[in-house]
There are 2 protein chains.
Amino acid sequence: MTQVKLSTEEQNIKIAVDAAIFTVQHDELMVLLIQMKKKPFANVWALPGGLMEQEETTENAARRILKIQTGVSDVYLEQLGTFDDPKRDPFGRVISVAYFALVPSEGVKLETTDKYADVQWWSVQKLPSLAYDHSYMVQVTLERVRAKLGYTNVIWSLLPSEFTLSQLHRMYEVVLGHSLDKRNFLRKVLHLDFVVPSGNKVSGEAHRPAELYKFKQKKLQYVEVL
Amino acid sequence: MTQVKLSTEEQNIKIAVDAAIFTVQHDELMVLLIQMKKKPFANVWALPGGLMEQEETTENAARRILKIQTGVSDVYLEQLGTFDDPKRDPFGRVISVAYFALVPSEGVKLETTDKYADVQWWSVQKLPSLAYDHSYMVQVTLERVRAKLGYTNVIWSLLPSEFTLSQLHRMYEVVLGHSLDKRNFLRKVLHLDFVVPSGNKVSGEAHRPAELYKFKQKKLQYVEVL
DNA sequence: TCAAAAGTGTTCCTGTTACACCCATGA
DNA sequence: TCATGGGTGTAACAGGAACACTTTTGA
(Lines give C-alpha, C1' and ligand atoms only; values in the text may rest on other atoms or scores of the structure.)
Protein backbone atom coordinates (compact mmCIF):
# COMPACT_ATOMS: atom_id res chain seq x y z
CA MET A 1 0.00 0.00 0.00
CA THR A 2 1.82 3.09 0.73
CA GLN A 3 5.39 2.14 0.00
CA VAL A 4 5.57 4.18 -3.20
CA LYS A 5 3.32 7.11 -3.57
CA LEU A 6 2.76 7.03 -7.27
CA SER A 7 1.47 10.56 -7.31
CA THR A 8 1.86 13.63 -5.21
CA GLU A 9 -1.65 14.84 -5.97
CA GLU A 10 -4.34 13.96 -3.54
CA GLN A 11 -6.79 11.29 -4.57
CA ASN A 12 -10.34 12.35 -5.20
CA ILE A 13 -11.83 8.99 -5.97
CA LYS A 14 -14.95 7.58 -4.41
CA ILE A 15 -15.52 3.91 -3.71
CA ALA A 16 -18.85 2.30 -4.37
CA VAL A 17 -20.15 -1.21 -3.97
CA ASP A 18 -22.58 -2.82 -6.41
CA ALA A 19 -24.39 -6.10 -5.97
CA ALA A 20 -25.64 -8.43 -8.68
CA ILE A 21 -28.25 -10.50 -6.89
CA PHE A 22 -29.41 -13.64 -8.67
CA THR A 23 -32.19 -16.06 -8.09
CA VAL A 24 -34.20 -18.57 -10.10
CA GLN A 25 -37.94 -18.13 -10.51
CA HIS A 26 -40.22 -20.17 -12.76
CA ASP A 27 -37.25 -21.84 -14.40
CA GLU A 28 -35.63 -18.55 -15.28
CA LEU A 29 -32.44 -17.03 -13.96
CA MET A 30 -33.29 -13.58 -12.63
CA VAL A 31 -31.23 -10.60 -11.51
CA LEU A 32 -32.44 -7.84 -9.23
CA LEU A 33 -32.50 -4.35 -10.74
CA ILE A 34 -33.53 -0.98 -9.42
CA GLN A 35 -34.84 1.85 -11.53
CA MET A 36 -33.07 5.12 -10.91
CA LYS A 37 -34.57 8.54 -10.42
CA LYS A 38 -31.62 10.89 -10.57
CA LYS A 39 -31.09 13.12 -13.54
CA PRO A 40 -28.88 11.71 -16.22
CA PHE A 41 -30.16 8.22 -15.37
CA ALA A 42 -33.84 8.90 -14.70
CA ASN A 43 -35.79 5.69 -15.29
CA VAL A 44 -32.67 3.76 -16.19
CA TRP A 45 -32.25 0.33 -14.62
CA ALA A 46 -29.15 -0.55 -12.66
CA LEU A 47 -27.76 -2.93 -10.09
CA PRO A 48 -28.37 -1.88 -6.50
CA GLY A 49 -25.34 -0.27 -4.92
CA GLY A 50 -24.00 2.71 -3.10
CA LEU A 51 -20.99 4.43 -1.67
CA MET A 52 -18.98 2.68 1.01
CA GLU A 53 -19.01 3.88 4.54
CA GLN A 54 -15.81 4.87 6.22
CA GLU A 55 -15.55 2.04 8.70
CA GLU A 56 -17.06 -0.93 6.92
CA THR A 57 -15.65 -3.46 4.54
CA THR A 58 -16.88 -3.72 0.97
CA GLU A 59 -18.33 -7.12 1.83
CA ASN A 60 -20.36 -5.66 4.66
CA ALA A 61 -21.56 -2.90 2.37
CA ALA A 62 -22.69 -5.57 -0.10
CA ARG A 63 -24.47 -7.49 2.66
CA ARG A 64 -26.23 -4.35 3.73
CA ILE A 65 -27.47 -3.63 0.21
CA LEU A 66 -28.68 -7.20 -0.03
CA LYS A 67 -30.51 -6.99 3.27
CA ILE A 68 -32.14 -3.68 2.39
CA GLN A 69 -33.31 -4.80 -1.03
CA THR A 70 -34.31 -8.39 -0.44
CA GLY A 71 -34.54 -8.81 3.29
CA VAL A 72 -32.29 -11.85 3.10
CA SER A 73 -29.07 -12.44 4.91
CA ASP A 74 -26.91 -15.52 5.24
CA VAL A 75 -26.67 -16.06 1.49
CA TYR A 76 -23.82 -16.82 -0.82
CA LEU A 77 -21.84 -13.66 -1.54
CA GLU A 78 -18.61 -13.39 -3.46
CA GLN A 79 -16.45 -10.54 -4.65
CA LEU A 80 -16.63 -10.26 -8.41
CA GLY A 81 -13.95 -7.66 -8.96
CA THR A 82 -13.24 -3.98 -9.08
CA PHE A 83 -14.37 -1.88 -12.00
CA ASP A 84 -12.57 1.36 -12.49
CA ASP A 85 -12.81 2.80 -15.96
CA PRO A 86 -12.32 6.55 -15.32
CA LYS A 87 -15.35 7.32 -17.47
CA ARG A 88 -17.70 4.76 -15.98
CA ASP A 89 -19.54 7.31 -13.84
CA PRO A 90 -20.51 10.66 -15.37
CA PHE A 91 -20.64 12.26 -11.91
CA GLY A 92 -16.95 11.90 -11.27
CA ARG A 93 -14.31 9.35 -10.46
CA VAL A 94 -15.96 6.41 -8.74
CA ILE A 95 -14.55 2.92 -8.67
CA SER A 96 -16.88 0.11 -7.86
CA VAL A 97 -16.18 -3.11 -6.01
CA ALA A 98 -18.80 -5.48 -7.38
CA TYR A 99 -20.18 -8.50 -5.54
CA PHE A 100 -22.63 -11.12 -6.62
CA ALA A 101 -25.11 -12.96 -4.46
CA LEU A 102 -27.11 -16.11 -5.05
CA VAL A 103 -30.37 -16.36 -3.15
CA PRO A 104 -33.16 -18.93 -3.02
CA SER A 105 -36.37 -17.49 -4.39
CA GLU A 106 -38.56 -18.27 -1.40
CA GLY A 107 -38.23 -15.94 1.54
CA VAL A 108 -37.34 -12.93 -0.56
CA LYS A 109 -39.56 -9.86 -0.20
CA LEU A 110 -38.55 -7.01 -2.46
CA GLU A 111 -38.42 -3.67 -0.68
CA THR A 112 -39.22 -0.58 -2.67
CA THR A 113 -38.04 2.68 -1.23
CA ASP A 114 -38.75 6.15 -2.51
CA LYS A 115 -35.12 6.42 -3.54
CA TYR A 116 -35.99 4.34 -6.58
CA ALA A 117 -38.69 4.49 -9.18
CA ASP A 118 -38.98 0.71 -9.04
CA VAL A 119 -37.32 -2.54 -7.93
CA GLN A 120 -37.83 -5.72 -9.94
CA TRP A 121 -36.45 -9.11 -10.84
CA TRP A 122 -35.46 -9.34 -14.52
CA SER A 123 -34.73 -12.43 -16.53
CA VAL A 124 -31.09 -12.44 -17.58
CA GLN A 125 -32.33 -13.46 -21.02
CA LYS A 126 -34.19 -10.18 -21.49
CA LEU A 127 -32.33 -7.47 -19.66
CA PRO A 128 -32.93 -3.81 -20.41
CA SER A 129 -29.83 -1.73 -20.99
CA LEU A 130 -28.25 -0.81 -17.71
CA ALA A 131 -26.56 2.24 -16.24
CA TYR A 132 -22.79 2.55 -15.89
CA ASP A 133 -20.94 -0.68 -16.67
CA HIS A 134 -23.59 -2.81 -15.00
CA SER A 135 -24.39 -4.91 -18.06
CA TYR A 136 -20.77 -5.95 -18.15
CA MET A 137 -20.85 -6.80 -14.44
CA VAL A 138 -23.85 -9.06 -15.01
CA GLN A 139 -22.07 -10.70 -17.91
CA VAL A 140 -18.94 -11.37 -15.86
CA THR A 141 -21.01 -12.76 -13.00
CA LEU A 142 -22.80 -15.15 -15.29
CA GLU A 143 -19.56 -16.54 -16.60
CA ARG A 144 -18.17 -16.90 -13.09
CA VAL A 145 -21.27 -18.60 -11.73
CA ARG A 146 -21.61 -21.00 -14.66
CA ALA A 147 -17.99 -22.02 -14.34
CA LYS A 148 -18.33 -22.40 -10.60
CA LEU A 149 -21.28 -24.76 -10.91
CA GLY A 150 -18.88 -27.16 -12.59
CA TYR A 151 -16.42 -27.54 -9.74
CA THR A 152 -18.26 -26.53 -6.56
CA ASN A 153 -21.51 -27.09 -4.71
CA VAL A 154 -22.64 -23.41 -4.92
CA ILE A 155 -25.96 -24.48 -6.33
CA TRP A 156 -27.10 -24.94 -2.73
CA SER A 157 -27.38 -21.18 -2.46
CA LEU A 158 -30.22 -21.09 -4.99
CA LEU A 159 -32.26 -23.96 -3.59
CA PRO A 160 -34.58 -24.24 -0.60
CA SER A 161 -33.28 -26.32 2.28
CA GLU A 162 -35.11 -29.41 1.03
CA PHE A 163 -35.53 -30.12 -2.66
CA THR A 164 -36.08 -32.98 -5.05
CA LEU A 165 -33.44 -34.30 -7.40
CA SER A 166 -35.55 -33.02 -10.27
CA GLN A 167 -35.42 -29.52 -8.84
CA LEU A 168 -31.67 -29.82 -8.49
CA HIS A 169 -31.40 -31.04 -12.06
CA ARG A 170 -33.59 -28.26 -13.41
CA MET A 171 -31.67 -25.67 -11.40
CA TYR A 172 -28.43 -26.68 -13.11
CA GLU A 173 -30.07 -26.55 -16.49
CA VAL A 174 -31.60 -23.13 -15.90
CA VAL A 175 -28.40 -21.51 -14.70
CA LEU A 176 -26.22 -23.13 -17.33
CA GLY A 177 -28.74 -22.44 -20.05
CA HIS A 178 -28.62 -25.91 -21.56
CA SER A 179 -29.94 -29.36 -20.79
CA LEU A 180 -28.17 -32.21 -19.02
CA ASP A 181 -28.94 -35.92 -19.38
CA LYS A 182 -31.10 -36.82 -16.42
CA ARG A 183 -29.75 -40.27 -15.60
CA ASN A 184 -26.11 -39.35 -16.01
CA PHE A 185 -26.56 -36.20 -13.99
CA LEU A 186 -28.29 -37.98 -11.12
CA ARG A 187 -25.75 -40.77 -11.05
CA LYS A 188 -22.94 -38.27 -10.80
CA VAL A 189 -24.58 -36.16 -8.12
CA LEU A 190 -25.42 -39.15 -5.95
CA HIS A 191 -21.98 -40.62 -6.42
CA LEU A 192 -20.31 -37.33 -5.38
CA ASP A 193 -22.28 -37.49 -2.21
CA PHE A 194 -22.77 -33.83 -1.42
CA VAL A 195 -26.55 -34.18 -1.15
CA VAL A 196 -28.30 -36.69 1.08
CA PRO A 197 -31.95 -37.75 1.49
CA SER A 198 -33.71 -35.69 4.14
CA GLY A 199 -36.07 -38.55 4.91
CA ASN A 200 -39.11 -36.63 3.71
CA LYS A 201 -41.17 -36.88 0.56
CA VAL A 202 -43.19 -34.43 -1.47
CA SER A 203 -46.92 -34.99 -1.15
CA GLY A 204 -50.14 -33.74 -2.61
CA GLU A 205 -49.23 -33.84 -6.28
CA ALA A 206 -50.87 -35.85 -8.98
CA HIS A 207 -48.01 -38.20 -9.63
CA ARG A 208 -45.43 -40.27 -7.86
CA PRO A 209 -44.09 -38.32 -4.84
CA ALA A 210 -40.43 -37.40 -5.04
CA GLU A 211 -37.87 -38.01 -2.36
CA LEU A 212 -36.54 -34.85 -0.72
CA TYR A 213 -32.83 -34.20 -0.39
CA LYS A 214 -30.69 -31.68 1.45
CA PHE A 215 -27.09 -30.49 1.16
CA LYS A 216 -24.57 -32.05 3.48
CA GLN A 217 -22.94 -28.66 3.87
CA LYS A 218 -24.25 -25.24 3.02
CA LYS A 219 -20.90 -23.73 2.42
CA LEU A 220 -18.56 -23.73 -0.54
CA GLN A 221 -17.01 -27.10 -1.27
CA TYR A 222 -14.99 -28.12 -4.28
CA VAL A 223 -16.64 -31.02 -6.09
CA GLU A 224 -16.33 -31.96 -9.75
CA VAL A 225 -19.98 -31.86 -10.68
CA LEU A 226 -19.72 -31.50 -14.44
CA MET B 1 -22.42 3.50 -7.89
CA THR B 2 -24.18 6.39 -6.58
CA GLN B 3 -27.80 5.30 -6.52
CA VAL B 4 -27.90 4.93 -2.76
CA LYS B 5 -25.55 6.94 -0.73
CA LEU B 6 -25.01 4.57 2.15
CA SER B 7 -23.54 7.25 4.32
CA THR B 8 -23.73 10.97 4.56
CA GLU B 9 -20.20 11.27 5.86
CA GLU B 10 -17.50 11.97 3.35
CA GLN B 11 -15.24 9.08 2.48
CA ASN B 12 -11.66 9.32 3.57
CA ILE B 13 -10.36 6.13 2.05
CA LYS B 14 -7.28 5.86 -0.12
CA ILE B 15 -6.91 3.39 -2.95
CA ALA B 16 -3.68 1.55 -3.48
CA VAL B 17 -2.56 -1.03 -6.01
CA ASP B 18 -0.27 -3.92 -5.15
CA ALA B 19 1.38 -6.32 -7.55
CA ALA B 20 2.42 -9.90 -6.91
CA ILE B 21 4.97 -10.53 -9.65
CA PHE B 22 5.93 -14.16 -10.21
CA THR B 23 8.60 -15.85 -12.22
CA VAL B 24 10.43 -19.16 -12.24
CA GLN B 25 14.19 -19.27 -11.70
CA HIS B 26 16.30 -22.38 -11.22
CA ASP B 27 13.23 -24.54 -10.92
CA GLU B 28 11.74 -22.43 -8.18
CA LEU B 29 8.67 -20.26 -8.21
CA MET B 30 9.71 -16.78 -7.14
CA VAL B 31 7.85 -13.65 -6.14
CA LEU B 32 9.25 -10.13 -6.22
CA LEU B 33 9.46 -8.36 -2.88
CA ILE B 34 10.69 -4.96 -1.81
CA GLN B 35 12.10 -4.16 1.58
CA MET B 36 10.52 -1.12 3.15
CA LYS B 37 12.22 1.79 4.88
CA LYS B 38 9.40 3.68 6.52
CA LYS B 39 8.93 3.57 10.24
CA PRO B 40 6.57 0.92 11.48
CA PHE B 41 7.69 -1.32 8.61
CA ALA B 42 11.40 -0.56 8.47
CA ASN B 43 13.17 -3.55 6.88
CA VAL B 44 9.93 -5.43 6.44
CA TRP B 45 9.37 -7.12 3.08
CA ALA B 46 6.26 -6.41 1.05
CA LEU B 47 4.81 -6.59 -2.42
CA PRO B 48 5.56 -3.56 -4.57
CA GLY B 49 2.65 -1.16 -4.75
CA GLY B 50 1.51 2.36 -4.32
CA LEU B 51 -1.37 4.76 -4.32
CA MET B 52 -3.41 5.17 -7.46
CA GLU B 53 -3.25 8.31 -9.48
CA GLN B 54 -6.36 10.30 -10.12
CA GLU B 55 -6.73 9.66 -13.82
CA GLU B 56 -5.43 6.15 -14.30
CA THR B 57 -7.01 2.75 -14.00
CA THR B 58 -5.86 0.26 -11.40
CA GLU B 59 -4.59 -1.94 -14.19
CA ASN B 60 -2.42 0.86 -15.53
CA ALA B 61 -1.12 1.51 -12.04
CA ALA B 62 -0.18 -2.16 -11.79
CA ARG B 63 1.56 -2.05 -15.17
CA ARG B 64 3.49 0.97 -14.07
CA ILE B 65 4.69 -0.73 -10.90
CA LEU B 66 5.71 -3.71 -12.96
CA LYS B 67 7.61 -1.60 -15.45
CA ILE B 68 9.39 0.36 -12.73
CA GLN B 69 10.44 -2.72 -10.76
CA THR B 70 11.29 -5.20 -13.48
CA GLY B 71 11.55 -3.21 -16.68
CA VAL B 72 9.14 -5.58 -18.37
CA SER B 73 5.92 -4.75 -20.12
CA ASP B 74 3.64 -6.86 -22.26
CA VAL B 75 3.30 -9.59 -19.65
CA TYR B 76 0.36 -11.46 -18.23
CA LEU B 77 -1.47 -9.33 -15.69
CA GLU B 78 -4.74 -10.14 -13.98
CA GLN B 79 -6.77 -8.53 -11.24
CA LEU B 80 -6.65 -10.67 -8.12
CA GLY B 81 -9.20 -8.83 -6.03
CA THR B 82 -9.70 -6.00 -3.64
CA PHE B 83 -8.54 -6.23 -0.05
CA ASP B 84 -10.17 -3.91 2.37
CA ASP B 85 -9.91 -4.95 5.98
CA PRO B 86 -10.20 -1.62 7.83
CA LYS B 87 -7.17 -2.52 9.92
CA ARG B 88 -4.94 -3.70 7.09
CA ASP B 89 -2.92 -0.50 7.02
CA PRO B 90 -1.83 1.12 10.31
CA PHE B 91 -1.54 4.53 8.61
CA GLY B 92 -5.22 4.82 7.92
CA ARG B 93 -7.97 3.46 5.73
CA VAL B 94 -6.44 2.17 2.53
CA ILE B 95 -8.03 -0.41 0.32
CA SER B 96 -5.83 -2.24 -2.09
CA VAL B 97 -6.66 -3.57 -5.53
CA ALA B 98 -4.20 -6.42 -5.98
CA TYR B 99 -2.93 -7.70 -9.32
CA PHE B 100 -0.68 -10.55 -10.15
CA ALA B 101 1.76 -10.78 -13.03
CA LEU B 102 3.60 -13.72 -14.55
CA VAL B 103 6.87 -12.91 -16.24
CA PRO B 104 9.52 -15.00 -17.99
CA SER B 105 12.76 -14.90 -16.06
CA GLU B 106 14.99 -13.76 -18.91
CA GLY B 107 14.83 -10.09 -19.78
CA VAL B 108 14.04 -8.99 -16.26
CA LYS B 109 16.41 -6.49 -14.66
CA LEU B 110 15.53 -5.59 -11.10
CA GLU B 111 15.61 -1.88 -10.41
CA THR B 112 16.53 -0.74 -6.94
CA THR B 113 15.54 2.76 -6.03
CA ASP B 114 16.42 4.63 -2.87
CA LYS B 115 12.79 4.37 -1.84
CA TYR B 116 13.48 0.82 -0.79
CA ALA B 117 16.13 -0.81 1.30
CA ASP B 118 16.24 -3.71 -1.15
CA VAL B 119 14.42 -5.45 -4.01
CA GLN B 120 14.73 -9.22 -4.44
CA TRP B 121 13.15 -12.36 -5.81
CA TRP B 122 12.08 -14.76 -3.06
CA SER B 123 11.14 -18.39 -3.39
CA VAL B 124 7.48 -18.87 -2.51
CA GLN B 125 8.61 -21.87 -0.47
CA LYS B 126 10.64 -19.68 1.89
CA LEU B 127 8.94 -16.33 2.18
CA PRO B 128 9.70 -13.98 5.05
CA SER B 129 6.70 -12.57 6.83
CA LEU B 130 5.24 -9.72 4.85
CA ALA B 131 3.75 -6.32 5.63
CA TYR B 132 0.01 -5.66 5.61
CA ASP B 133 -2.04 -8.57 4.24
CA HIS B 134 0.54 -9.33 1.57
CA SER B 135 1.17 -12.93 2.64
CA TYR B 136 -2.48 -13.58 2.10
CA MET B 137 -2.38 -11.96 -1.32
CA VAL B 138 0.48 -14.23 -2.32
CA GLN B 139 -1.45 -17.22 -1.06
CA VAL B 140 -4.56 -16.29 -3.03
CA THR B 141 -2.51 -15.70 -6.16
CA LEU B 142 -0.88 -19.09 -5.86
CA GLU B 143 -4.23 -20.82 -5.67
CA ARG B 144 -5.55 -18.85 -8.61
CA VAL B 145 -2.52 -19.50 -10.79
CA ARG B 146 -2.37 -23.19 -9.99
CA ALA B 147 -6.03 -23.62 -10.83
CA LYS B 148 -5.63 -21.60 -14.00
CA LEU B 149 -2.80 -23.81 -15.26
CA GLY B 150 -5.36 -26.59 -15.41
CA TYR B 151 -7.76 -24.99 -17.83
CA THR B 152 -5.82 -22.32 -19.74
CA ASN B 153 -2.57 -21.79 -21.59
CA VAL B 154 -1.25 -19.11 -19.15
CA ILE B 155 1.97 -21.00 -18.75
CA TRP B 156 3.19 -19.18 -21.87
CA SER B 157 3.67 -16.10 -19.74
CA LEU B 158 6.44 -17.75 -17.74
CA LEU B 159 8.38 -19.25 -20.65
CA PRO B 160 10.75 -17.75 -23.21
CA SER B 161 9.41 -17.53 -26.74
CA GLU B 162 11.04 -20.82 -27.69
CA PHE B 163 11.34 -23.70 -25.27
CA THR B 164 11.70 -27.46 -25.15
CA LEU B 165 8.93 -29.78 -24.09
CA SER B 166 11.06 -30.68 -21.08
CA GLN B 167 11.13 -27.03 -20.03
CA LEU B 168 7.39 -26.83 -20.44
CA HIS B 169 6.98 -29.98 -18.39
CA ARG B 170 9.27 -28.76 -15.63
CA MET B 171 7.51 -25.38 -15.60
CA TYR B 172 4.19 -27.04 -14.82
CA GLU B 173 5.78 -29.14 -12.10
CA VAL B 174 7.48 -26.17 -10.47
CA VAL B 175 4.39 -23.98 -10.38
CA LEU B 176 2.08 -26.76 -9.28
CA GLY B 177 4.56 -28.02 -6.75
CA HIS B 178 4.26 -31.67 -7.69
CA SER B 179 5.41 -33.96 -10.45
CA LEU B 180 3.54 -35.01 -13.57
CA ASP B 181 4.10 -38.17 -15.57
CA LYS B 182 6.28 -37.19 -18.52
CA ARG B 183 4.73 -39.32 -21.23
CA ASN B 184 1.13 -38.65 -20.28
CA PHE B 185 1.83 -34.95 -19.98
CA LEU B 186 3.51 -34.67 -23.35
CA ARG B 187 0.85 -36.70 -25.09
CA LYS B 188 -1.83 -34.42 -23.71
CA VAL B 189 -0.02 -31.20 -24.54
CA LEU B 190 0.72 -32.26 -28.11
CA HIS B 191 -2.80 -33.51 -28.60
CA LEU B 192 -4.30 -30.21 -27.38
CA ASP B 193 -2.25 -28.47 -30.00
CA PHE B 194 -1.57 -25.14 -28.35
CA VAL B 195 2.20 -25.44 -28.83
CA VAL B 196 3.89 -26.12 -32.18
CA PRO B 197 7.48 -26.90 -33.20
CA SER B 198 9.40 -23.73 -34.00
CA GLY B 199 11.62 -25.62 -36.43
CA ASN B 200 14.74 -25.07 -34.33
CA LYS B 201 16.69 -27.32 -32.04
CA VAL B 202 18.77 -26.78 -28.96
CA SER B 203 22.48 -27.24 -29.59
CA GLY B 204 25.75 -27.35 -27.71
CA GLU B 205 24.74 -29.64 -24.90
CA ALA B 206 26.25 -33.00 -24.03
CA HIS B 207 23.23 -35.06 -24.92
CA ARG B 208 20.56 -35.45 -27.53
CA PRO B 209 19.38 -32.00 -28.67
CA ALA B 210 15.78 -31.18 -27.97
CA GLU B 211 13.26 -29.84 -30.43
CA LEU B 212 12.15 -26.26 -29.71
CA TYR B 213 8.49 -25.34 -29.52
CA LYS B 214 6.52 -22.10 -29.38
CA PHE B 215 2.99 -21.16 -28.38
CA LYS B 216 0.45 -20.78 -31.14
CA GLN B 217 -1.00 -17.80 -29.31
CA LYS B 218 0.47 -15.70 -26.55
CA LYS B 219 -2.84 -14.72 -25.10
CA LEU B 220 -5.24 -16.42 -22.74
CA GLN B 221 -6.98 -19.43 -24.23
CA TYR B 222 -9.10 -21.99 -22.47
CA VAL B 223 -7.64 -25.47 -22.87
CA GLU B 224 -8.10 -28.47 -20.58
CA VAL B 225 -4.46 -29.15 -19.82
CA LEU B 226 -4.80 -31.18 -16.68
C1' DT C 1 32.04 -45.64 -25.05
C1' DC C 2 29.92 -43.17 -21.65
C1' DA C 3 26.87 -39.88 -19.51
C1' DA C 4 22.85 -37.27 -19.99
C1' DA C 5 18.54 -35.80 -21.39
C1' DA C 6 15.20 -36.64 -25.47
C1' DG C 7 11.76 -39.14 -27.18
C1' DT C 8 8.33 -42.78 -27.66
C1' DG C 9 3.59 -47.21 -26.84
C1' DT C 10 0.72 -50.23 -24.58
C1' DT C 11 -2.30 -52.02 -21.21
C1' DC C 12 -5.57 -51.46 -17.73
C1' DC C 13 -9.13 -49.20 -15.66
C1' DT C 14 -12.34 -45.70 -14.68
C1' DG C 15 -15.67 -42.52 -15.89
C1' DT C 16 -18.71 -40.52 -19.63
C1' DT C 17 -22.11 -40.91 -23.00
C1' DA C 18 -26.23 -42.35 -25.19
C1' DC C 19 -30.40 -44.22 -24.65
C1' DA C 20 -36.09 -46.02 -22.96
C1' DC C 21 -39.07 -48.03 -19.96
C1' DC C 22 -41.66 -49.05 -15.56
C1' DC C 23 -43.35 -46.88 -11.01
C1' DA C 24 -46.29 -44.49 -7.75
C1' DT C 25 -49.61 -41.37 -6.98
C1' DG C 26 -53.96 -38.18 -7.30
C1' DA C 27 -57.53 -36.97 -10.16
C1' DT D 1 -57.49 -45.97 -15.76
C1' DC D 2 -55.05 -42.27 -17.11
C1' DA D 3 -51.91 -38.52 -16.98
C1' DT D 4 -47.85 -36.87 -14.81
C1' DG D 5 -43.44 -36.55 -13.25
C1' DG D 6 -40.23 -39.98 -10.44
C1' DG D 7 -36.96 -43.21 -10.66
C1' DT D 8 -33.78 -46.71 -12.63
C1' DG D 9 -29.52 -50.01 -15.88
C1' DT D 10 -26.42 -51.20 -19.53
C1' DA D 11 -23.28 -51.30 -23.33
C1' DA D 12 -19.94 -48.86 -26.04
C1' DC D 13 -16.39 -45.67 -25.91
C1' DA D 14 -12.87 -42.27 -24.56
C1' DG D 15 -9.60 -40.56 -21.75
C1' DG D 16 -6.45 -41.04 -17.67
C1' DA D 17 -2.92 -43.60 -15.16
C1' DA D 18 0.91 -46.53 -14.64
C1' DC D 19 5.01 -47.94 -16.40
C1' DA D 20 10.80 -48.56 -19.05
C1' DC D 21 13.57 -48.65 -22.76
C1' DT D 22 15.95 -46.84 -27.03
C1' DT D 23 17.98 -42.66 -29.31
C1' DT D 24 21.08 -38.94 -30.09
C1' DT D 25 24.50 -36.08 -29.04
C1' DG D 26 29.09 -33.98 -26.90
C1' DA D 27 32.70 -35.02 -24.04
Side-chain angles (χ1 to χ4, degrees), chain A residues 24 26-28 146-147 149-153 155 159-160 162-174 176 178-214 222-226, chain B residues 24 26-27 146-147 149-153 155 159-160 162-174 176-214 222-226:
Chain A
V24 171
H26 312 303
D27 292 352
E28 281 198 296
R146 285 174 176 156
L149 287 188
Y151 61 92
T152 70
N153 67 344
I155 197 82
L159 286 160
E162 297 198 352
F163 52 88
T164 68
L165 294 179
S166 294
Q167 283 178 285
L168 179 65
H169 179 217
R170 218 170 313 128
M171 194 59 83
Y172 269 94
E173 292 186 330
V174 167
L176 292 173
H178 61 82
S179 61
L180 296 169
D181 181 86
K182 182 170 64 157
R183 280 172 290 185
N184 294 335
F185 175 79
L186 294 181
R187 183 181 19 252
K188 187 116 185 223
V189 158
L190 292 174
H191 180 69
L192 288 171
D193 201 43
F194 63 102
V195 294
V196 291
S198 73
N200 305 319
K201 277 180 193 271
V202 170
S203 66
E205 285 181 72
H207 52 78
R208 176 170 176 177
E211 183 104 24
L212 286 165
Y213 283 75
K214 62 183 180 184
Y222 292 84
V223 281
E224 286 294 327
V225 182
L226 305 178
Chain B
V24 171
H26 312 300
D27 292 351
R146 284 173 176 155
L149 286 188
Y151 61 91
T152 69
N153 67 344
I155 197 83
L159 285 160
E162 297 197 352
F163 52 88
T164 67
L165 294 179
S166 294
Q167 282 178 285
L168 178 65
H169 179 219
R170 217 170 314 129
M171 194 61 82
Y172 269 93
E173 293 186 330
V174 168
L176 292 173
H178 60 83
S179 62
L180 297 169
D181 180 85
K182 182 169 67 155
R183 280 171 292 185
N184 293 336
F185 175 79
L186 294 180
R187 186 184 15 256
K188 188 113 185 227
V189 158
L190 293 173
H191 180 70
L192 289 171
D193 202 41
F194 64 100
V195 295
V196 290
S198 73
N200 305 319
K201 274 179 193 271
V202 170
S203 66
E205 285 182 71
H207 52 79
R208 178 168 174 177
E211 184 105 22
L212 286 165
Y213 283 74
K214 61 183 180 185
Y222 292 85
V223 282
E224 286 295 326
V225 182
L226 305 176

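Side-chain atoms are counted along with the backbone in the values below, which use heavy atoms only and exclude waters and symmetry mates. Chain identifiers are assigned alphabetically (A, B, ...) following the order of the sequence lines, protein sequences preceding nucleic acid strands; residue numbering begins at 1 within each chain. Remember, predicted model here, so these are calculated numbers, not experimental data.
- DNA chain C is contacted by both B:Arg187 and B:Gln167; B:Gln167 maps to the nucleotide lying nearer its 5′ end (nearest heavy atom per residue).
- Put simply, the residue from B:Val195, B:Thr164, B:Leu168 that forms a side-chain contact (heavy atoms from CB on, under 4.5 Å) with B:Leu159 is B:Leu168.
- To the nearest 0.5 Å, atoms CG (B:Asp27) and CE (B:Met171) are separated by 8.5 Å.
- Here the side chains of A:Leu190 and A:Leu165 are in contact, with some heavy-atom distance below 4.5 Å.
- Spacing between atom NE2 of A:His191 and atom P of C:dT14 amounts to 11 Å, rounded to whole angstrom units.
- Between C:dA6 and B:Ser166, a contact under 4.0 Å exists linking OP1 or OP2 to a side-chain N or O.
- You'll find the side chain of A:Val225 stays beyond 4.5 Å of the side chain of A:Lys188, heavy atoms only.
- Taking only distance into account, the side chain of B:Arg183 never meets the base of C:dA6 through a donor-acceptor pair shorter than 3.5 Å.
- A heavy-atom distance below 4.5 Å is found between the side chains of A:Leu180 and A:His169.
- Between B:Asn184 atom CG and C:dT14 atom P there is a gap of 16 Å when expressed in whole angstrom units.
- Summarising the geometry, the separation between CZ on A:Phe185 and C1' on C:dG15 is reported as 17 Å, rounded to the nearest angstrom.
- Mapping B:Asp181 and B:Lys188 onto DNA chain D by nearest heavy atom places B:Lys188 closer to the 5' end of the strand.
- For the pair A:His169 NE2 and D:dG7 C1', the interatomic distance rounds to 13 Å; values are reported in whole Å.
- One interatomic measurement links the two molecules: NZ of B:Lys182 to P of C:dG9, which rounds to 13 Å at whole-angstrom precision.
- Which of C:dT8, C:dA18, C:dA6 sits closest to the side chain of B:Leu186 comes down to C:dT8.
- Of the residues in residues 196-214 of chain A, those with a non-hydrogen atom less than 4.0 angstrom from any atom of DNA chain D are A:Ala206, A:His207, A:Arg208, A:Pro209, A:Ala210, A:Glu211.
- B:Pro197 and B:Lys214 make their closest contact through O-CE, 4.4 Å (heavy atoms, listed as atom of the first residue, atom of the second, distance).
- Spacing between atom CG of B:Leu192 and atom C1' of D:dG16 amounts to 13 Å, rounded to whole angstrom units.
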